[in-house]
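All heavy atoms count here, side chains included; hydrogens, waters and symmetry mates do not. Numbering of ligands and ligand atoms starts at 1, following listing order.
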Amino acid sequence: MSGLMERLRKGYGKKLVSLHAWNGWIVVILALTGLILIGGFWRGFLEEGRVWIKWAHIVVGIASILPVIYYLLLAGKHWKQLKQKPWQRFNVLVVLGLLLGWFGSGVLLWQFRAVGPSVSNTALVVHDLLTWIGLPYIIYHSITRAKWLKEPNRRTVKNERELDGIHPAAPQPVYTRKAFIRGAIGIGLAVTMGPSFLKWLGTSLGSVGGSDTIDKLIEKDTNMLLPAPQPLPASAPPMGGGAIGKFRVYTVTPIPSFTNADWSFTIDGLVEKSFKWDWKQFVALKRTVQVSDFHCVTGWSVYKNTWEGIKLKELLKMAGVNPGAQTVKLYSGDGVYTDTLTLEQADMDDVMVAVMHDGKPIPSDLGGPVRLIVPKMYAYKSVKWLNRIELIEGEHVGYWEARGYANDAWV
Ligand SMILES: Nc1nc2c(c(=O)[nH]1)N[C@H]1C(S)=C(S)[C@@H](COP(=O)(O)O)O[C@H]1N2
Ligand SMILES: [Mo]
């Protein structure tokens with residue numbers, strides 16, 4: 001740190017150079033941690049490491065405002081110097097816009113509890129959009145500015161002179177080789193990042209009436225359970241008018257799939273009568289329909305889902321909870337994920353063991369054939385591929401709770 005301060009005290013040009021370097025490293029750290037956080041692949045793999053990476057991302061993200069503030073103090077002089085260089089001015093504005101936008105939306109995401117789901121949803125879209133636009137821009141900027149693309153010995157000398165404002169920049173000769181390489185890098189970035197950007201655009205922005213992509217998930221559904229559940233009139237057409245928003249597919253294991261032969265649903269533990277239903281028996285149980293919103297703790301929501309299923313409290317009533325039971329332990333058929341509700345929470349009217357969404361079977365990617373829904377809590381309570389409910393004494397720490405998520409999941 002003292003080395004930095006020393007360098008900052010020296011010339012103005014050097015200040016800018018070291019600011020630029022610090023800023024570059026901050027962006028690299030934020031990009032890497034951020035991409036790990038959204039990458040589905042890392043989710044199960046990293047386990048609690050993910051919670052640490054999230055904290056690193058938040059702390060470095062907050063710190064990223066410091067070089068921006070420092071730059072803004074120097075900006076007047078720098079801006080005048082760039083008078084003849086509209087492209088450099090443009091670049092400064094883009095980078096400042098990106099950094100401030102990332103910072104602002106990031107703070108809102110960090111404070112998701114204080115701002116509520118609709119603000120954090122918008123913040124997430126903004127944060128992602130800036131990433132998809134800004135990251136390729138910054139990668140392009142740093143590759144094309146890298147020394148190996150410049151003619152030998154020119155870059156460093158020119159840089160310091162320019163920054164010191166002593167010499168105007170020499171007129172730039174046209175280098176066809178350089179232009180070619182830049183073009184190639186641009187195309188390379190578009191080809192590598194373009195498809196994921198478009199995919200993201202599809203899932204995040206053009207998302208009103210999410211049923212068409214859910215249809216695609218249903219098409220590739222790997223469950224083979226017969227008979228198919230028949231929707232109640234309130235489900236088809238969906239009473240809520242169709243879900244608004246898109247689900248992000250989250251899992252900590254490969255997506256499990258089931259057949260009639262290997263699927264069952266158990267309720268056991270401290271109950272008067274335990275049950276083990278096969279699929280045929282399970283789809284014959286009486287279902288109800290509700291409309292509710294679905295909020296993930298990472299900032300996205302899907303509104304007005306029409307869920308059809310069995311109220312958890314009805315299942316508990318059937319089984320008869322013993323007086324000694326304190327906790328409802330929920331198991332996923334993925335063999336790894338668990339979570340819990342207190343008896344009081346499990347008794348809420350809208351906690352549902354869901355079989356259908358918007359009048360259709362729940363696709364395996366979204367937790368089908370059967371998943372839990374706890375609308376008043378963040379969705380990490382909404383166990384996917386739910387296949388066992390056990391009534392236990394004492395407590396159990398759920399999958400994400402064991403890895404740093406708050407036990408209190410109320411939205
Ligand atoms: N079995 C299982 N259930 C799970 C999860 C998971 O990784 N595995 N993720 C939870 C979290 S954090 C969320 S936000 C929702 C996501 O549901 P979706 O993948 O259907 O969008 O499922 C919850 N239930
Ligand atoms: Mo979540």
Side-chain angles (χ1 to χ4, degrees), residues 37-48 50-51 54 109 112-113 117 120-121 124 200 203-204 207 210-211 213-218 220-223 243-258 263 265 292-303 305-307 309 312 329-341 351-358 360-389 396-411:
L37 287 175
I38 55 171
F41 165 75
W42 298 94
R43 255 185 111 74
F45 182 68
L46 277 171
E47 307 239 315
E48 54 259 77
R50 201 177 166 276
V51 174
K54 185 171 161 186
L109 281 172
F112 66 93
R113 266 178 200 279
S120 64
N121 268 287
L124 183 66
W200 173 83
T203 51
S204 297
S207 60
S211 53
T213 40
I214 291 183
D215 280 346
K216 283 202 194 97
L217 293 180
I218 291 174
K220 68 165 208 179
D221 185 17
T222 46
N223 288 322
I244 299 172
K246 297 272 161 82
F247 292 92
R248 298 188 175 199
V249 175
Y250 282 174
T251 183
V252 296
T253 61
I255 305 269
S257 63
F258 303 93
W263 189 88
F265 195 101
S292 57
D293 298 339
F294 185 94
H295 304 290
C296 172
V297 74
T298 60
W300 54 270
S301 302
V302 182
Y303 300 95
N305 301 284
T306 302
W307 298 106
L312 178 58
K329 182 174 174 186
L330 307 150
Y331 293 79
S332 167
D334 66 12
V336 173
Y337 200 92
T338 58
D339 214 324
T340 61
L341 293 171
V351 178
M352 179 177 269
V353 176
V355 179
M356 309 193 80
H357 176 266
D358 282 355
K360 290 170 193 149
I362 301 171
S364 51
D365 278 12
L366 299 183
V370 173
R371 79 174 297 167
L372 191 72
I373 294 301
V374 189
K376 294 194 177 68
M377 295 188 165
Y378 282 110
Y380 58 92
K381 291 283 179 187
S382 295
V383 176
K384 298 167 76 170
W385 312 293
L386 182 72
N387 69 356
R388 183 180 172 200
I389 297 168
H396 165 77
V397 182
Y399 182 91
W400 280 119
E401 287 88 339
R403 292 161 180 81
Y405 278 27
N407 214 358
D408 168 17
W410 294 102
V411 172

Original post:
Quick one: are F294 and S382 in side-chain contact, heavy atoms under 4.5 Å?
Top reply: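 F294 reaches S382 side chain to side chain.
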Original post:
Does the side chain of M377 come within less than 4.5 Å of L341's, by heavy atoms?
Top reply: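 When only atoms from C-beta onward are counted, M377 and L341 do touch, with a gap below 4.5 Å.
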Who gets closest to [atom] by heavy atom: [options]?
atom                    : options                : answer
atom 7 (O) of ligand 1  : D334, L217, T251       : T251
atom 9 (N) of ligand 1  : Y378, W385, Y337       : Y337
atom 23 (C) of ligand 1 : A409, A379, P256, G335 : A379

Subset of ligand 1 atoms that lie under 4.0 Å from at least one heavy atom of [X]:
X    : result
W300 : 14 (S), 21 (O)
V252 : 7 (O)
R371 : 15 (C), 17 (O), 18 (P), 20 (O), 22 (O)
S382 : 22 (O), 23 (C), 24 (N)
V249 : 19 (O)
S332 : 1 (N)
C296 : 14 (S)
L366 : 20 (O)

Original post:
What residues, two or more places apart in sequence or in another chain, satisfy side-chain hydrogen bond (donor to acceptor under 3.5 Å, both in side chains) together with K384?
Top reply: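 K384 satisfies side-chain hydrogen bond (donor to acceptor under 3.5 Å, both in side chains) with no other residue.
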**OP:** Compute both the distance and the angle, then confirm whether R403 meets the cation-pi test with Y399: under 6.0 Å from the six-membered ring centre, within 45 degrees of the axis.
**Re:**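 Ring-cation test returns yes.
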**OP:** Kindly state whether the ring of W400 and the ring of Y378 have centres lying under 6.0 angstrom apart.
**Re:**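 So the answer is no for these two rings.
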**OP:** Run the ring-centre check on F247 versus H357 and record whether the distance is less than 6.0 Å.
**Re:**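 Judged by ring-centre distance (under 6.0 Å), F247 and H357 do meet the cut-off.
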**OP:** List in chain and number order the residues that pass salt bridge (Lys or Arg N to Asp or Glu O under 4.0 Å) with D221, two or more places apart in sequence or in another chain; answer none if no residue qualifies.
**Re:**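 Scan of D221 (salt bridge (Lys or Arg N to Asp or Glu O under 4.0 Å), adjacent residues dropped) gives none.
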**OP:** Would you mind telling me if ligand 1 is within reach of the side chain of Y405, the backbone, both or neither, using heavy atoms under 4.0 Å?
**Re:**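 No part of Y405 is near ligand 1 at this cut-off.
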Original post:
Does D358 reach the main-chain N or O of A243 with its side chain, forming a donor-acceptor pair under 3.5 Å?
Top reply: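 Checked: pair present.
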